[in-house]
Peer 1: 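Let me begin by handing over the structure; questions about it come next.
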Amino acid sequence: MNDEQKYLFDLQGYIVLKNVVPENIIQSVEKLTRNLLTGTSSSLSDPVKIRNYDNNDKNRRICNILEADTAFQYFIDIPEVIDIVQEISGDTYRLNHTYGQFWTGIGNYTTFHFHGTPLVPQASYRYHNGQIISTLTKAVFPLLDCNEDDGCFAVIPGSHKSNFKRPFGDHHHPRMSPKIEPIPANAGDCIIFSEALSHGSVVNLSGRTRNTLYY
């Protein structure tokens, strides 16, 4: 992790790595996830589960997706990604959970959640004696290009270090906050962020699918 990456991660709560996953891997895994979604949880082996959100089969999550196929193991230890995760974890670290999220349709969005204050113990951020310590860090891998009008990932930059309670409430609609920053990313990129950062998505205006892995 170089000095610029440290500065930006500490300042913003996230950084974007470009083109860390080869195109052939992205294409094969994206096809695999679509095939998995044609089934049901009953057709998958534990602990893999498919969940619908808001009784909408257009908003689906594959929980524990790593267990669904060995192809998903590729994303565990990509050198450029794991170098940063190791640097900001403070000491030992582990892969806590994985899932794939697949949302489509105009008007879809992810509500904004988490923050620096009040403290969320399992997802906190601090800097001490020259060391960044992010207790829960997430790597986001878009499997399809995701621009702002597609409902891309978004954050409130710097909120991982906020000292005051967010006035917009928890799990709020993205339009309720004037400080949201969309983070468009292409298939093959990786967004790494501290879970203490307030995050969600902007509203999907295009109707195109958002197909993303979270590790």
Side-chain angles (χ1 to χ4, degrees), residues 1-21 75-90 93 95-101 103 109-117 119-120 122-128 130-164 166 168 170-172 174 176-204 210-215:
M1 192 176 189
N2 61 40
D3 289 343
E4 180 179 347
Q5 289 173 329
K6 287 181 184 178
Y7 176 79
L8 291 175
F9 191 89
D10 183 60
L11 177 70
Q12 305 173 142
Y14 76 91
I15 55 174
V16 181
L17 304 179
K18 305 297 290 184
N19 301 314
V20 295
V21 184
F75 298 85
I76 294 176
D77 56 358
I78 297 169
E80 298 94 327
V81 176
I82 209 70
D83 173 64
I84 291 171
V85 172
Q86 182 172 351
E87 179 75 26
I88 63 182
S89 294
Y93 59 95
L95 179 60
N96 188 69
H97 60 282
T98 63
Y99 60 93
Q101 190 161 285
W103 285 29
Y109 62 89
T110 302
T111 59
F112 270 70
H113 52 286
F114 280 20
H115 33 66
T117 300
L119 181 68
V120 180
Q122 71 271 27
S124 63
Y125 180 95
R126 71 184 190 274
Y127 173 88
H128 183 68
Q131 174 67 58
I132 291 173
I133 302 173
S134 173
T135 60
L136 185 57
T137 304
K138 191 166 284 183
V140 181
F141 299 98
L143 298 180
L144 297 170
D145 293 353
C146 194
N147 297 307
E148 183 172 350
D149 62 350
D150 302 323
C152 71
F153 182 73
V155 304
I156 301 178
S159 55
H160 60 308
K161 298 190 293 184
S162 60
N163 294 305
F164 297 93
R166 188 177 56 205
F168 319 112
D170 204 14
H171 288 280
H172 68 271
M176 292 178 64
S177 170
K179 294 298 184 181
I180 284 174
E181 179 180 311
I183 307 176
N186 294 327
D189 295 345
C190 179
I191 304 166
I192 304 175
F193 71 97
S194 170
E195 192 82 15
L197 184 69
S198 293
H199 59 280
S201 80
V202 290
V203 178
N204 187 325
R210 194 176 87 193
N211 188 344
T212 312
L213 299 180
Y214 296 83
Y215 279 54

Peer 1: So does F114 get a backbone contact from the side chain of S198, meaning a donor-acceptor N/O pair under 3.5 Å?
Peer 2: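 At least one qualifying donor-acceptor pair exists.
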Peer 1: Say whether, by atom type as modelled, one donor and one acceptor occur between the side chain of E148 and the main chain of V203 under 3.5 angstrom.
Peer 2: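 No, the answer is negative, given that no donor and acceptor are paired below the 3.5 Å cut-off.
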Peer 1: Answer whether the closest heavy-atom distance between the side chains of L197 and Q12 falls below 4.5 Å.
Peer 2: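 No. Closest side-chain heavy atoms not under 4.5 Å.
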Peer 1: Could you walk me through whether H160 and H199 pass the side chain to side chain contact (heavy atoms under 4.5 Å, CB included) check?
Peer 2: CA-CA 10 Å; H160 60 308; H199 59 280; over 6 Å; no
Peer 1: Indicate the atoms forming the closest heavy-atom contact of T135 with S124, along with that distance.
Peer 2: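 For T135 versus S124, the nearest heavy atoms are OG1-N, 2.7 Å.
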Peer 1: Can you tell me how far the CD1 atom of I82 sits from the CD1 atom of I84, to the nearest 0.5 Å?
Peer 2: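 Result: 10.0 Å between the selected atoms.
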Peer 1: Less than 4.5 Å apart, any side-chain heavy atom of V202 and any of C152?
Peer 2: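 Result yes, sub-4.5 Å side-chain heavy-atom pair found.
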Peer 1: Should T212 and W103 count as side-chain neighbours, where that means a heavy-atom distance under 4.5 Å?
Peer 2: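 Heavy-atom side-chain distance check fails, nothing below 4.5 Å.
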Peer 1: Which heavy atom of C190 sits nearest a heavy atom of V20, and at what distance?
Peer 2: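 C190 and V20 have their closest heavy atoms at CB-CG2, 3.8 Å.
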Peer 1: Counting only heavy atoms not in N2, do more than 12 sit closer than 6.0 Å to its CG atom?
Peer 2: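 Above 12, so yes.
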Peer 1: As a test of understanding, state which of L95, V140, V85, V81 forms a side-chain contact (heavy atoms from CB on, under 4.5 Å) with Y215.
Peer 2: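 One option only clears the test, and that one is L95.
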Peer 1: Less than 4.5 Å apart, side chain to side chain, heavy atoms only: is that true for V120 and H115?
Peer 2: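 Yes, close enough: below the 4.5 Å cut-off.
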Peer 1: What is the distance from atom CG of L136 to atom CZ of F193, rounded to the nearest 0.5 Å?
Peer 2: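 So the CG of L136 and the CZ of F193 are separated by 8.0 Å.
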Peer 1: Does the side chain of Q122 reach to within under 4.5 Å of the side chain of E195, using non-hydrogen atoms?
Peer 2: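 They are not in side-chain contact.
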Peer 1: List the atom of F112, the atom of R166, and the distance in Å for their closest heavy-atom pair.
Peer 2: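 Answer, listing the atom of F112 first, then R166: O-NH2, 3.8 Å.
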Peer 1: Within the 4.5 Å heavy-atom criterion, are F9 and I88 side-chain neighbours or not?
Peer 2: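 Heavy-atom side-chain distance check passes, below 4.5 Å.
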Peer 1: In the structure I gave you, are the side-chain heavy atoms of L17 and Q5 within less than 4.5 Å of one another anywhere?
Peer 2: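 Answer yes - side chains close enough.
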Peer 1: When you measure from the side chain of D145 to the backbone N and O of A187, does any donor-acceptor pair fall under 3.5 Å?
Peer 2: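 Such a contact is found between D145 side chain and A187 backbone.
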Peer 1: Taking atom CG of N204 and atom OG1 of T110, what is their separation to the nearest 0.5 Å?
Peer 2: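 It comes to 10.0 Å.
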Peer 1: As an exercise, state the distance from OG of S159 to CD1 of I180, rounded to the nearest 0.5 Å.
Peer 2: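 Answer rounded to 0.5 Å: 10.0 Å.
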Peer 1: If you look at every heavy atom in A196 and A123, which pair is closest and at what distance?
Peer 2: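 What the structure gives for the nearest pair is CB-O, 3.2 Å.
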Peer 1: Under 3.5 Å, side chain of D83 to main-chain N/O of M1, donor-acceptor pair present?
Peer 2: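 Here the side-chain-to-backbone pair exists.
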Peer 1: Verify whether the ring centers belonging to Y14 and F153 lie closer than 6.0 Å.
Peer 2: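 Distance test on ring centres: not under 6.0 Å, no.
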Peer 1: Please name all residues satisfying side chain to side chain donor-acceptor pair (under 3.5 Å) with S134, sequence neighbours left out, ordered by chain then number.
Peer 2: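 If we apply the side chain to side chain donor-acceptor pair (under 3.5 Å) test to S134, skipping adjacent residues, the hits are T137, S194.
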Peer 1: Taking the side chain from K161 and the backbone from D10, do they hold a donor-acceptor pair closer than 3.5 Å?
Peer 2: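 Present.
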Peer 1: Sequence neighbours left out, what pairs pass salt bridge (charged side-chain N to carboxylate O under 4.0 Å, His left out) with at least one residue falling in residues 179-189?
Peer 2: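 For residues 179-189: K18-D189.
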Peer 1: Sequence neighbours excluded, which residues qualify as side chain to side chain donor-acceptor pair (under 3.5 Å) partners of S162?
Peer 2: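 Here no residue qualifies.
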Peer 1: Nearest 0.5 Å, what's the CD1-CZ distance between I132 and R126?
Peer 2: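 With rounding to 0.5 Å, CD1 (I132) is 12.0 Å from CZ (R126).
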Peer 1: Which atoms form the tightest heavy-atom contact between V16 and I191, and what is the distance?
Peer 2: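 Shortest heavy-atom separation between V16 and I191 comes out as CG2-CG1, 4.2 Å.
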Peer 1: Do F141 and I78 have side-chain heavy atoms sitting under 4.5 Å apart?
Peer 2: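 In short, these two side chains touch, coming nearer than 4.5 Å.
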Peer 1: Apply side chain to side chain contact (heavy atoms under 4.5 Å, CB included) to residues L213 and T98 and explain how you reach the verdict.
Peer 2: CA-CA 8 Å; L213 299 180; T98 63; over 6 Å; no
Peer 1: Going from CG on L144 to CG on N186, what distance comes out if it is rounded to the nearest 0.5 angstrom?
Peer 2: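 So the CG of L144 and the CG of N186 are separated by 10.5 Å.
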Peer 1: Give the minimum heavy-atom separation between I133 and G90, together with the two atoms involved.
Peer 2: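 So the minimum-distance heavy-atom pair works out to CG1-CA, 4.1 Å.
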